[in-house]
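In what follows, a structure is listed as structure tokens, so that the remarks can point back to it.
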Amino acid sequence: MDRKAKFTPEDVTMGGKSNRKFVPENLEQLQFVGEKAVFVRNKNMVSFDFLSKKEKIICTLDNINKALRTLGIKPLKKFPSFHFHSKQKDTIVFYLPRLIVFYDKKKKIISNKIIWRKLQQNCDYCVSNGYFAFTEKNNLFVISEREKRRINPHTEKDIIYGQAAFRNEFGTTKGTFWSPEGNYLAFYCTDESEVSDYTLIDNSKKPPRKTIIKYPSAGEQSQKVSIGIYSIKTKKTVYWQPAISADSYLTNITFSPDEKEIYAVELNRAQNQFWVKAFDLDKQTVRVLFTETSDTYIEPENPPFFINNNQFIWQSKRTGHNHLYLYDKQGKLTDTLTEGRFEILGIIGFNAKTKDLFFYSNENSPLEKTVFSINIHTKEKKQISVESGQHQACLSAKGNFLIDHFSSISIPRKINLIDVNNGKSVNLLTAKNPYNNYQLPKIRYDSLVAADGKTRLYYRLTLPVEFDISKKYPVVITVYGGPHVQMVQNTWLGGGRGWELYWAQQGFVCFTLDGRGSANRGHDFESALYKNIGKAPLDDQLCGVQFLHSLPFVDNARMGVYGWSFGGFMATQLMLKAPTVFKAGVAGGSVIDLRLYEVMYGERYMQTPEQNPQGYTENDLTQVTENLQGDFLMIHCELDPVVRIINTERFIEAAKKAGKSIEFIHIRKHGHNVTGEERVSLFGQITDFFEKKLK
């Protein structure tokens, strides 16, 4: 193949017909079963034993297809998702479309099956008892090989059981929580009866299909949530109600290892104080362990992590950075495990024998994610992962081995199996560079000083393919700039999206800067946007612009900006509040007015509109549409349940009144993001827009 091969939009865009061949090689469904690593390769399910360094085939796809043939199911082309049943060692649970099957790997037969209906969602399998929890419409069920039970006794229009609450804020991504031994199922019960309706209309259907969702906007009535705890043995449910206020947030749910208590955090609606609480399952009483407060906001995202029946690890930003604290079950702080000007990025697991806790940290660099361990008795800390970059790890059941997924700016993917007791490792996979025969741009990392004159900000600079420093190039700034996202990392190709590679191939300089407000730099860094969500991020992006203006190869007259969601908000305000800087901009799924956005997110960073009217007004971009000078393309999906299309509609109306022309792409069928082939088409339209306006 020609060494100077070029990408097509299909190559670099997720959903493109040829995109998969540019995804670095991986080991499918890699996981631990006990102390052995299990994965799928070449249509075989394989286990790997670290001590013997040998692989063993557990079962083959041919075995599975022969067994499925007895059920009249057509042969599968690849392994379906699977779990191992913890009680029945020879049973593998496979998830097929509309069917869950239990495969006996010794007898090579289907021992049982559960039919899965189209409306059944949010499947949550308990490896300890073999039950599945699932929802159907607003109802919650559990089902096993033997029986099916409905948990909630009745259906009410706006009462939802077993689904994620709070629009996935506070680390909430699901609505059911099994106890360690599977004797209890905790679940969210969400009352949305006082929450405003919002209508989504799918015009791709004939006739158009109308769906009404509940959308609590900042300052309006929110959800009322309680926690149900269902006993598998007694078939009875008890409920844990919030105590501070009916619209408090109950989140970060977990059980104690002995299943005697369930723990959760109650966060006040103002999001500046929370209480860690325990609910006694026998007495049905609640006790407060401890509380935390903040002058700005406080955002609990992780439940207590129990290391035994009497102790747990708590993650807190009480010192300004996320660190690990050891508590006893009565709520007494017994030790501070980590401290310093860096972030703990998550807990991986615990070895009960050696008393070593495994976790991620960016102590080495804000651009990296490194695996460490710390002994909770001696506080001896060790770095487990060796190479600089981004690591994602999984700990074996007893805590002796670690699966380490690794990538860096120049390494697509490595997977190592590490013996944490002696540091020895075995490489399971080193992926080849999928772009080996293609022209890749040079990607640089560096930093500059924020608008506050002291804070260090990191950026990624992608230079055009066949870069010539004597030439002048147009620039596209890709921006997000908001909470919970870090765009600049030491990961494969610098974390840049495929379209940045394509734009570089087309002769653009691409630039991305993580300004104040973005993730993984400490509370002061992140809360710089408090009560004025756009100010600090805007000022920092303009520092990035000043840096670009200093580069001899940048054409200052041909600068563009692109962003989606919060990035769409940022791209829009850059076009309006720095109108002479940008010749062209593209904003998708944009938040335009925080009064139109959700309660949990909006009130955390901005308080309510009544408490902070000036902040909301200053960040209402419909108020400054008359400033627009450059060419501007806006994009929104009509079924977006996250950032409602009314944001973009109101902006376009305001722009028309100000005599400004906006190009608009209205996308049917999709939600907050565009997927599949339509994503390729949209990417092509965005590229055409920048090539037309900036070249």
Sequence neighbours excluded, the answer for side chain to side chain contact (heavy atoms under 4.5 Å, CB included) partners of A528 is R516, A536
Salt bridge (Lys or Arg N to Asp or Glu O under 4.0 Å) against E678, all qualifying residues, sequence neighbours excluded: K669
CZ of R20: more than 12 outside heavy atoms within 6.0 angstrom? no
Take F359 and I374 through the test side chain to side chain contact (heavy atoms under 4.5 Å, CB included) and record every step on the way to the result. CA-CA 8 Å; F359 60 93; I374 190 166; 3.7 Å; yes
Q392/Y360 under side chain to side chain donor-acceptor pair (under 3.5 Å): CA gap, chis, key distance, verdict: CA-CA 8 Å; Q392 189 68 34; Y360 304 110; 3.3 Å; yes
From L461 CG over to K442 NZ, what is the distance, rounded to the nearest 0.5 angstrom? 12.0 Å
Go through the steps to decide whether L440 and N433 satisfy the test side chain to side chain contact (heavy atoms under 4.5 Å, CB included), and finish with yes or no. CA-CA 11 Å; L440 278 176; N433 180 356; 4.2 Å; yes
Show me the donor-acceptor pairs, under 3.5 Å and distance only, between side chains in residues 493-503 and residues at least two apart or in other chains.
from: E500; atom 1: OE1; to: R460; atom 2: NH2; distance (Å): 3.3
from: E500; atom 1: OE2; to: R460; atom 2: NH2; distance (Å): 3.1
from: W503; atom 1: NE1; to: T687; atom 2: OG1; distance (Å): 3.0

Please assess K382 against D356 for the test salt bridge (Lys or Arg N to Asp or Glu O under 4.0 Å), listing each intermediate value before the final yes or no. CA-CA 10 Å; K382 297 178 183 178; D356 288 322; 5.7 Å; no
Determine whether Y562 and V586 make a side-chain contact, defined as any pair of heavy atoms from C-beta on separated by less than 4.5 Å. yes
Side chains of N647 and S590: any donor to acceptor distance under 3.5 Å? no
Heavy-atom distance under 4.5 Å between the side chains of K583 and K693, does that happen here? no
Mind running ring-ring contact (aromatic ring centres under 6.0 Å, His included) on F632 and F582 for me, showing each step along the way? CA-CA 10 Å; F632 194 30; F582 295 98; over 10 Å; no
Taking salt bridge (Lys or Arg N to Asp or Glu O under 4.0 Å) as the cut-off, I'd like each qualifying pair that reaches into residues 363-372, sequence neighbours left out, listed once. E363-K381
Test item: side-chain donor near acceptor, N322 and Q315, under 3.5 Å: yes
Which pair of heavy atoms, one from P304 and one from N252, lies closest together, and at what distance? CD-O, 4.0 Å
Taking the ring centre of each residue, are H523 and Y297 less than 6.0 Å apart? yes
Distance check, rounded to the nearest 0.5 Å: T648 atom OG1 versus L621 atom CG? 10.5 Å
Does any part of the side chain of L267, heavy atoms only, come nearer than 4.5 Å to the side chain of E299, both counted from C-beta? no
Plane angle bin for F467 and F553 - parallel if under 30°, tilted between 30 and 60°, otherwise perpendicular: perpendicular
Taking NZ, NE, NH1 and NH2 as the nitrogens, is one of them in E526 or K317 under 4.0 Å from a carboxylate oxygen of the other? yes
Would a distance-only check, ignoring hydrogens and angles, find a side-chain to backbone donor-acceptor pair under 3.5 Å from S396 to F401? yes
Do V488 and L457 have side chains that approach each other closer than 4.5 Å (heavy atoms only, starting at C-beta)? no
Is R521 salt-bridged to D514, cutoff N-O under 4.0 Å? no
Under 3.5 Å, is there a donor-acceptor pair between the T491 and S407 side chains? yes
CG of L326 to CD1 of I313, rounded to nearest 0.5 Å, is 4.5 Å
Which donor-acceptor pairs under 3.5 Å do the side chains of residues 594-603 make with protein atoms, sequence neighbours left out?
from: R595; atom 1: NE; to: D593; atom 2: OD1; distance (Å): 3.2
from: R595; atom 1: NE; to: D593; atom 2: OD2; distance (Å): 3.3
from: R595; atom 1: NH2; to: D620; atom 2: OD2; distance (Å): 2.9
from: E598; atom 1: OE1; to: R167; atom 2: NE; distance (Å): 2.6
from: E603; atom 1: OE1; to: R269; atom 2: NE; distance (Å): 2.9
from: E603; atom 1: OE2; to: G219; atom 2: N; distance (Å): 2.8
from: E603; atom 1: OE2; to: R269; atom 2: NH2; distance (Å): 2.8

Counting only heavy atoms not in N427, do more than 12 fall under 6.0 Å of its CG? yes
Please tell me if the side chains of Q390 and W492 come closer than 4.5 Å, counting only heavy atoms from C-beta onward. no
Carefully, step by step, assess F274 and Y249 under the rule ring-ring contact (aromatic ring centres under 6.0 Å, His included). CA-CA 9 Å; F274 69 68; Y249 302 112; over 10 Å; no
After noting the C-alpha distance and the side-chain angles of I592 and V643, does the key distance pass the side chain to side chain contact (heavy atoms under 4.5 Å, CB included) rule? CA-CA 9 Å; I592 295 297; V643 181; over 6 Å; no
List the atom of Q383, the atom of V386, and the distance in Å for their closest heavy-atom pair. NE2-O, 3.8 Å
In terms of heavy-atom contacts, G589 and W564 come closest through N-CE2, 3.9 Å
Could you tell me which non-hydrogen atom of L542 sits nearest to which non-hydrogen atom of L574, and how far apart they are? CD2-CD2, 3.9 Å
Given the rule in the side chain to side chain contact (heavy atoms under 4.5 Å, CB included) test, do L429 and F39 qualify, once you have shown the distances and angles that lead to the verdict? CA-CA 12 Å; L429 173 74; F39 53 90; over 6 Å; no
Would F306 and Y263 count as a ring-ring contact (aromatic ring centres under 6.0 Å, His included) if you check the C-alpha gap in whole Å, the side-chain angles of each, and the deciding distance to 0.1 Å? CA-CA 11 Å; F306 278 88; Y263 288 67; 4.9 Å; yes
How about Y530 and Q607: does a side-chain donor come under 3.5 Å of a side-chain acceptor? yes
Return the set of residues passing salt bridge (Lys or Arg N to Asp or Glu O under 4.0 Å) with K414 (not counting sequence neighbours), or none when no residue passes. E387
Measuring from I443:CD1 to T512:OG1, what's the distance to the nearest 0.5 Å? 10.0 Å
Can you tell me how far apart CE (M487) and CG (L513) are? Round to the nearest 0.5 Å. 10.0 Å
Judged by modelled atom types alone, do T336 and H323 share a side-chain donor-acceptor pair under 3.5 Å? no
d(F511 CZ, L551 CG) to nearest 0.5 Å is 8.5 Å
Between F22 and Y435, what is the ring plane arrangement, given parallel below 30°, perpendicular above 60°, and tilted in between? parallel
For S388 versus S408, what's the shortest heavy-atom pair and its separation? O-CB, 3.6 Å
Nearest non-hydrogen partners of S385 and D404, listed with the distance: CB-OD2, 4.1 Å
Counting C-beta onward and ignoring hydrogens, is there a side-chain heavy-atom pair between N490 and S365 closer than 4.5 Å? no
Looking at side-chain heavy atoms only, is the closest gap between T251 and Y188 below 4.5 Å? yes
Distance-only, no hydrogens or angles: does the N19 side chain make a donor-acceptor pair with backbone N or O of V23 under 3.5 Å? no
Sidechain-backbone polar pair: D540 side chain, A450 backbone, donor-acceptor under 3.5 Å: no
Side chains of L417 and F32: does their closest heavy-atom pair fall under 4.5 Å? yes
